[in-house]
Number of protein chains: 2
Amino acid sequence: MKLGHRDIPSEACRTVGDVLGQIGNKWSILVMVLLSQRPWTFNALRREIDVITQKMLTSTLRGLERDGYVDRTVLPGSVVQVEYRLTELGHDVLTPMNALADFAVDRRDDVIAARAAYDAG
Amino acid sequence: MKLGHRDIPSEACRTVGDVLGQIGNKWSILVMVLLSQRPWTFNALRREIDVITQKMLTSTLRGLERDGYVDRTVLPGSVVQVEYRLTELGHDVLTPMNALADFAVDRRDDVIAARAAYDAG
DNA sequence: CAGTTTCATCAAAGTGCCTTCTTGTCGCCC
DNA sequence: GGGCGACAAGAAGGCACTTTGATGAAACTG
């Protein structure tokens with residue numbers, strides 16, 4: 001989300017926007033969904049999300065870690081491995097996000113139909 | 001939300017991202033919250049959201065209208081006036097969005113604390 | 001005619017996520 | 001030494017939202 005420099009005159013809306021600025025990013029939702037299953041190492045995530053670049057995965061994970069949704073642990077071993085897991089905060093935000101996902105899937109056709117109608121008019 | 005050109009390998013996540021790409025924009029939530037109260041004319045919205053530019057308000061409303069969250073009606077009168085109201089789809093998406101808002105407000109301090117800790121580490 | 005109101009739109013610059021390409025560090029192995 | 005795996009990060013370009021500044025169209029009024 002691009003913030004610009006005019007403040008939204010509503011504290012609550014600003015706060016929602018702040019949350020969405022992080023978890024609304026392109027790769028964040030998928031990453032969090034995977035992490036909600038179990039802890040994943042960086043490389044496992046990268047292999048699972050085949051098409052994501054290292055760069056974007058690193059960036060996404062770092063953003064989620066910074067806001068407290070994800071914990072990062074360096075695993076002891078001969079080869080450096082890093083494990084990520086959802087925090088309690090991360091689990092908690094998935095409740096409304098799952099509700100939103102339900103909406104998105106249930107009403108996908110409505111949105112598409114609305115677009116077609118708008119673009120035709 | 002910036003989509004780039006690599007597809008997210010999850011239909012559901014893509015669909016959520018699609019919804020958020022519209023309602024997650026900077027001004028959309030506030031506009032929808034106001035519209036959930038009652039129908040508003042363009043100018044009323046503009047005056048209420050004091051700091052928003054005509055340009056952004058127009059753009060935001062057009063996007064919401066295109067995706068079917070908002071209906072636009074030209075009012076008969078001597079001076080052109082346009083009225084916007086939430087559709088059923090618009091009302092329905094506010095249910096998960098309000099849940100997200102609750103999360104955002106309830107856990108605001110957690111997010112802020114996490115950032116401070118991350119930035120200090 | 002000029003001014004006002006309402007709403008839409010154009011041009012250009014600012015901003016930050018996304019992508020591509022590349023490099024770097026660490027530990028281990030041959 | 002070179003190569004590998006794992007993970008992080010820099011530079012540069014792409015792209016669309018956001019902002020700034022301005023213009024335009026329609027109807028009405030003095």
Side-chain angles (χ1 to χ4, degrees), chain A residues 1-9 13-14 17-18 20-31 39-67 70 72-84 118 121, chain B residues 1-9 13-14 17-18 20-31 39-67 70 72-84 118 121:
Chain A
M1 182 192 307
K2 210 150 304 317
L3 295 182
H5 46 265
R6 292 181 176 221
D7 272 355
I8 300 172
C13 289
R14 225 170 25 245
D18 188 42
L20 282 178
Q22 181 54 63
I23 62 177
N25 289 347
K26 177 173 177 180
W27 298 104
S28 297
I29 302 170
L30 178 56
V31 166
W40 291 69
T41 60
F42 181 94
N43 216 32
L45 284 170
R46 194 169 66 91
R47 284 209 220 84
E48 180 69 22
I49 316 172
D50 191 26
V51 292
I52 197 172
T53 62
Q54 271 175 232
K55 174 90 174 188
M56 281 316 302
L57 184 54
T58 300
S59 173
T60 298
L61 286 166
R62 186 166 58 179
L64 292 175
E65 185 193 356
R66 182 170 179 272
D67 279 14
V70 163
R72 174 181 182 276
T73 309
V74 180
L75 297 183
S78 56
V79 171
V80 168
Q81 290 203 308
V82 182
E83 183 184 76
Y84 293 90
Y118 183 90
Chain B
M1 182 194 308
K2 204 153 307 316
L3 295 181
H5 47 265
R6 291 181 178 225
D7 274 352
I8 300 172
C13 289
R14 229 170 21 246
D18 189 42
L20 282 180
Q22 181 57 61
I23 62 176
N25 289 347
K26 177 173 177 177
W27 296 105
S28 298
I29 300 171
L30 179 56
V31 167
W40 291 68
T41 59
F42 181 96
N43 217 30
L45 283 170
R46 192 170 67 90
R47 283 207 220 87
E48 181 68 22
I49 316 175
D50 194 26
V51 293
I52 196 170
T53 61
Q54 274 177 224
K55 173 93 176 188
M56 281 316 303
L57 184 54
T58 299
S59 174
T60 298
L61 286 166
R62 186 166 59 182
L64 292 174
E65 186 193 356
R66 180 167 181 274
D67 278 12
V70 163
R72 176 181 180 276
T73 308
V74 180
L75 297 184
S78 55
V79 171
V80 168
Q81 289 202 307
V82 182
E83 182 184 78
Y84 294 90
Y118 183 91

Practice task
Considering just the side-chain nitrogens and oxygens of B/Trp27, establish if one lies under 4.0 Å of OP1 or OP2 belonging to D/dT19.
Solution key: yes

Practice task
Considering just the side-chain nitrogens and oxygens of A/His5, establish if one lies under 4.0 Å of OP1 or OP2 belonging to D/dT20.
Solution key: yes

Fill in the blank from the handout: Rounded to whole Å, the CG-C1' distance (B/Leu30 to D/dT18) equals 16 Å

Completion exercise
A/Leu20 CG to C/dG16 C1', in whole Å, measures 16 Å

Completion exercise
A/Lys2 NZ to D/dC17 C1', in whole Å, measures 5 Å

What nitrogen or oxygen pairs link the protein and nucleotides 8-13 of chain C at under 3.5 Å?
| residue | atom | partner | partner atom | Å |
| --- | --- | --- | --- | --- |
| C/dA8 | OP1 | B/Arg72 | NE | 2.9 |
| C/dA8 | OP1 | B/Arg72 | NH2 | 2.7 |
| C/dA8 | OP1 | B/Tyr84 | OH | 3.2 |
| C/dA8 | N7 | B/Gln54 | NE2 | 3.3 |
| C/dA8 | N6 | B/Gln54 | NE2 | 3.0 |
| C/dT9 | OP2 | B/Arg62 | NH1 | 3.1 |
| C/dC10 | N4 | B/Lys55 | NZ | 3.0 |
| C/dA11 | N6 | B/Lys55 | NZ | 3.4 |

Practice task
Ignoring backbone atoms, establish whether A/Arg47 has a side-chain N or O less than 4.0 Å from OP1 or OP2 of D/dA6.
Solution key: yes

Fill in the blank from the handout: Assert: residue with more 5' nearest nucleotide on DNA chain D, out of A/Thr41 and B/Thr60, is A/Thr41

Completion exercise
When rounded to the nearest 0.5 Å, the distance separating CE of A/Met1 from CD of A/Gln22 is 11.0 Å

Completion exercise
When the rotation axes relating C1' atoms of four end pairs to the next four are compared across the helix from C/dC1-D/dG30 to C/dC30-D/dG1, five pairs an end, they differ to 10° by 30°

Problem - Candidates C/dC7, C/dT5, D/dA6 - which lies nearest the side chain of B/Val79 - result: C/dT5

Handout entry: A/Ile23 and A/Ile29, any side-chain heavy atoms less than 4.5 Å apart
Key = no

Exercise for the section: Whole angstrom is fine here: how far is it from CD in B/Glu65 over to P in C/dC7? Expected result: 14 Å

Handout entry: Heavy-atom side-chain contact between A/Leu57 and A/Val31 under 4.5 Å
Key = yes

Practice task
Show the numbers, then the answer: is there a side chain to side chain contact (heavy atoms under 4.5 Å, CB included) between A/Leu61 and A/Leu45?
Solution key: CA-CA 10 Å; A/Leu61 286 166; A/Leu45 284 170; 4.0 Å; yes

Problem - Of A/Gly24 and A/Gly4, the one whose closest DNA chain C nucleotide lies more 5' - result: A/Gly4

Practice task
Classify the nucleic acid contact of A/Arg6 as base, sugar-phosphate or nothing, counting any heavy atom under 4.0 Å across all strands shown.
Solution key: sugar-phosphate

Problem - Evaluation steps, side chain to side chain contact (heavy atoms under 4.5 Å, CB included), between B/Trp27 and A/Arg6 - result: CA-CA 10 Å; B/Trp27 296 105; A/Arg6 292 181 176 221; 4.1 Å; yes

Completion exercise
A/Leu3 CG to D/dA16 C1', in whole Å, measures 14 Å

Exercise for the section: Answer yes or no: does a side-chain N or O of A/Asn43 lie under 4.0 Å from OP1 or OP2 of D/dC7? Expected result: yes

Exercise for the section: Could you point out which residue of B/Thr73, B/Val74, B/Leu75 forms a side chain to side chain contact (heavy atoms under 4.5 Å, CB included) with B/Gln81? Expected result: B/Leu75

Problem - Separation of D/dC15 P from B/Met1 CE (nearest whole Å) - result: 18 Å

Exercise for the section: Send over the distance from B/Asp7 CG to C/dT19 C1', rounded to a whole Å. Expected result: 14 Å

Fill in the blank from the handout: A/Met56 atom CE is separated from D/dA8 atom C1', nearest whole Å, by 14 Å

Handout entry: A/Lys26 side chain near B/Lys2 side chain, heavy-atom distance below 4.5 Å
Key = no

Completion exercise
Of B/Lys26 and A/Arg46, the one whose nearest nucleotide on DNA chain D sits closer to the 5' end is A/Arg46

Exercise for the section: Could you tell me whether the phosphate oxygens of D/dC17, OP1 or OP2, come under 4.0 Å of any side-chain nitrogen or oxygen in B/Asn25? Expected result: no

Practice task
State, yes or no, whether a side-chain contact exists between A/Leu20 and B/Leu20 at a heavy-atom distance under 4.5 Å.
Solution key: yes

Exercise for the section: For residues B/Phe42 and B/Thr58, determine if any side-chain heavy atom of one lies less than 4.5 Å from a side-chain heavy atom of the other. Expected result: yes

Practice task
With rounding to the nearest 0.5 Å, note down the distance linking CD in B/Glu83 to CZ in B/Arg72.
Solution key: 11.5 Å

